[in-house]
There are 2 protein chains.
Amino acid sequence: MEYACLALIELAGCYQDAEPLQIRQIAAQQHIPDRYLEQLLATLRRGGLVRSQRGAKGGYVLAQDPWQVSLLDVFHCLEGGEVGSSQDDRTGQQTAERSVMREIWQEAETAMCTVLERQTLQDLVDRCNACRQADLMYYI
Amino acid sequence: MEYACLALIELAGCYQDAEPLQIRQIAAQQHIPDRYLEQLLATLRRGGLVRSQRGAKGGYVLAQDPWQVSLLDVFHCLEGGEVGSSQDDRTGQQTAERSVMREIWQEAETAMCTVLERQTLQDLVDRCNACRQADLMYYI
DNA sequence: ACAAACCCCACCGGAAAACCGGAGTATACC
DNA sequence: GGTATACTCCGGTTTTCCGGTGGGGTTTGT
């Protein structure tokens, strides 16, 4: 979840370099176990968020421009495709209370999604830079 | 999480009866395993949301009026008290990316909470009744 | 050919949620 | 008081998810 976003931020930061970033580099930069990150990037690739270049000098590149990818896209990609469709339907227990609860949960989730929707990878990169700037100010 | 809310809705619906509701009844009504519901209600009791009456003819009653309890209260009660304090802090890896990600997550959570905050138990009961009415309409 | 990189599948371990079971203990009612 | 009711506390089991690891295989540039 979080690791995938960190990797994407890293990729977005080097987007204009046109050089693929390797798993090892991202993992070292963000202090993430590389073997695990590999799986996450595979998921992101299957979701069409990144493209991979195999072989020597290979690596990963963002499939789209950083300002076209929202955090919501990342979430939908990671959450297995179907999120709120975890219906049991066992014996068809559809009490009024249950459906109302689902409604509320849906509303809450939607509220969360709208927040994530208006945060693109570019925004995150910018915020990171601003954050680092502030850190430097602290030193002076 | 969800089960606790269902139970509270049930309790809110019988609030004016001044008769305590038993676990068995709630469990049967909402198709929840009763032994599990027992634990949830114990948590809600410790959180001050419900009161329990022991012995024969005992059961549970809402501790406050249904319109004074929001879903957010329920959540805070169930989420163990401390929610956002799950920081690892292992080796102090506080990269700019990580703190930015935490910020976003916080924002998303806040958005969800504000939705939950303006839904009281009374609202849910009303919505349930409206839902059932609509179901009856369907029959005609 | 060879090494650097991605690719795939399967497993492990811990944490949390969901779910029982049993031994108490308080209360109502006779 | 005695008994039945029904909550209370404590522990154990199963399931699920996430982070993490291992051991292969396949593609690609030099």
Side-chain angles (χ1 to χ4, degrees), chain A residues 1-7 11 19-28 30-63 74-75 77-88 90 93 98 105, chain B residues 1-7 11 19-28 30-47 49-61 63 74-75 77-88 90-91 93 98 101 105:
Chain A
M1 327 245 86
E2 171 156 0
Y3 287 174
C5 290
L6 294 176
L11 285 173
E19 284 279 312
L21 252 184
Q22 269 137 253
I23 289 185
R24 295 285 182 80
Q25 301 172 22
I26 304 175
Q30 296 295 332
H31 311 102
I32 302 173
D34 48 352
R35 305 299 270 100
Y36 182 45
L37 183 59
E38 184 184 321
Q39 288 173 242
L40 297 178
L41 285 173
T43 306
L44 294 177
R45 181 178 49 81
R46 277 185 281 267
L49 284 174
V50 300
R51 263 197 297 265
S52 63
Q53 173 69 24
R54 307 174 63 144
K57 301 213 69 171
Y60 288 90
V61 264
L62 234 56
V74 182
F75 250 69
C77 178
L78 293 178
E79 299 295 297
E82 59 266 70
V83 186
S85 63
S86 62
Q87 72 286 57
D88 323 53
R90 50 186 179 192
Q93 316 281 27
R98 270 180 141 88
W105 237 92
Chain B
M1 331 246 94
E2 169 156 2
Y3 288 173
C5 290
L6 293 176
L11 285 174
E19 285 279 312
L21 253 183
Q22 268 139 259
I23 287 186
R24 294 284 181 81
Q25 302 173 23
I26 304 176
Q30 297 293 333
H31 312 102
I32 302 173
D34 48 352
R35 305 305 264 100
Y36 181 44
L37 182 58
E38 183 185 323
Q39 288 173 241
L40 297 179
L41 284 172
T43 306
L44 293 177
R45 181 179 49 82
R46 277 187 281 268
L49 284 174
V50 300
R51 262 196 297 264
S52 64
Q53 173 67 24
R54 310 173 63 139
K57 303 214 68 173
Y60 287 88
V61 264
V74 182
F75 252 68
C77 178
L78 292 178
E79 300 295 301
E82 59 266 70
V83 184
S85 62
S86 63
Q87 69 278 68
D88 320 55
R90 51 191 176 187
T91 51
Q93 314 280 27
R98 271 179 140 89
M101 278 306 297
W105 237 91

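Per chain, numbering begins at 1; letters A, B, ... match sequence-line order. Just so you know, these numbers come straight off a predicted model, no measurement behind them.
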Trainee: Quick one: label B/Arg51 by what it contacts on the DNA or RNA (base, sugar-phosphate, nothing), any heavy atom closer than 4.0 Å.
Mentor: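 Counting heavy atoms under 4.0 Å across all strands, no contact is made by B/Arg51.
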
Trainee: When you measure only distances, ignoring hydrogens and angles, does the side chain of B/Gln39 come within 3.5 Å of the base of C/dC20 through a donor and an acceptor?
Mentor: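 Pair found.
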
Trainee: Which residue, B/Arg24 or A/Arg35, contacts DNA chain D at a nucleotide closer to its 5' end, judged by nearest heavy atom?
Mentor: B/Arg24

Trainee: Given the structure, check if the side chain of A/Gln53 and the base of C/dC6 hold any donor-acceptor pair shorter than 3.5 Å.
Mentor: no

Trainee: Expressed as a whole number of angstroms, how long is the span from A/Phe75:CZ to D/dC18:P?
Mentor: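 Between P of D/dC18 and CZ of A/Phe75: 10 Å.
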
Trainee: Which of these nucleotides, D/dT21, C/dC6, C/dA18, is closest to any side-chain atom of A/Gln22?
Mentor: C/dC6

Trainee: Looking at CD of B/Glu38 and OH of B/Tyr60, how far apart are the two atoms once the value is rounded to the nearest 0.5 Å?
Mentor: 6.5 Å

Trainee: Hey, what do you get for NE2 (A/His31) to CD1 (A/Ile26), rounding to the nearest 0.5 Å?
Mentor: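 Spacing of NE2 (A/His31) from CD1 (A/Ile26) equals 14.0 Å.
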
Trainee: Is a side-chain N or O of A/Arg98 found less than 3.5 angstrom from the main chain of B/Gln30, in a donor-acceptor match?
Mentor: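 A pair under 3.5 Å: yes.
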
Trainee: Under 4.0 Å, counting only non-hydrogen atoms across every strand here, what does A/Leu41 touch: a base, just sugar-phosphate, or nothing?
Mentor: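 The answer is nothing, as A/Leu41 stays clear of every strand by at least 4.0 Å.
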
Trainee: Quick one: on DNA chain D, does A/Tyr36 or A/Gly55 contact a more 5' nucleotide (nearest heavy atom)?
Mentor: A/Tyr36

Trainee: Tell me the interatomic distance from A/Leu6, atom CG, to D/dG19, atom P, rounded to whole angstroms.
Mentor: 11 Å

Trainee: Parallel, tilted or perpendicular for B/Trp105 and A/Phe75, by the 30°/60° rule?
Mentor: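 Tilted, since the angle between the ring planes falls between 30° and 60°.
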
Trainee: Round to the nearest Å and state the distance from A/Glu19 atom CD to C/dA5 atom P.
Mentor: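 The distance from CD of A/Glu19 to P of C/dA5 comes to 12 Å, rounded to the nearest Å.
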
Trainee: Which whole-number value in Å describes the distance from A/Arg54 CZ to C/dC6 C1'?
Mentor: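 Computing the A/Arg54:CZ to C/dC6:C1' distance gives 6 Å.
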
Trainee: Can you check whether A/Arg46 has a side-chain N or O nearer than 4.0 Å to OP1 or OP2 of C/dC6?
Mentor: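 No, outside the criterion.
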
Trainee: Tell me the interatomic distance from A/Met1, atom CE, to C/dA16, atom P, rounded to whole angstroms.
Mentor: 17 Å

Trainee: With distance as the sole criterion, do the side chain of A/Glu38 and the base of C/dC8 form a donor-acceptor contact below 3.5 Å?
Mentor: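 For A/Glu38, whose side chain was compared with the base of C/dC8, there is a donor-acceptor pair (under 3.5 Å).
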
Trainee: May I ask you to verify if any side-chain N or O of A/Tyr3 is less than 4.0 angstrom from the OP1 or OP2 atom of D/dG20?
Mentor: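 Yes, A/Tyr3 has a side-chain N/O under 4.0 Å of OP1/OP2 on D/dG20.
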
Trainee: Within less than 4.0 Å of OP1 or OP2 of D/dT8, is there a side-chain N or O belonging to B/Arg45?
Mentor: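 Affirmative; the distance criterion is met.
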
Trainee: Would you mind reading off the distance between B/Leu78 atom CG and C/dA16 atom C1', rounded to a whole angstrom?
Mentor: 14 Å

Trainee: Using whole Å, report how far CG of A/Leu37 lies from P of D/dC18.
Mentor: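 Computing the A/Leu37:CG to D/dC18:P distance gives 16 Å.
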
Trainee: To the nearest 0.5 Å, what is the distance between NZ on B/Lys57 and CD on B/Gln22?
Mentor: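 Nearest 0.5 Å value for the NZ-CD distance: 8.5 Å.
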
Trainee: I need the CD1-C1' distance between A/Ile23 and C/dA4, as an integer number of Å.
Mentor: 12 Å

Trainee: Does C/dC7 have its OP1 or OP2 closer than 4.0 Å to a side-chain nitrogen or oxygen of A/Ser52?
Mentor: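 Yes.
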
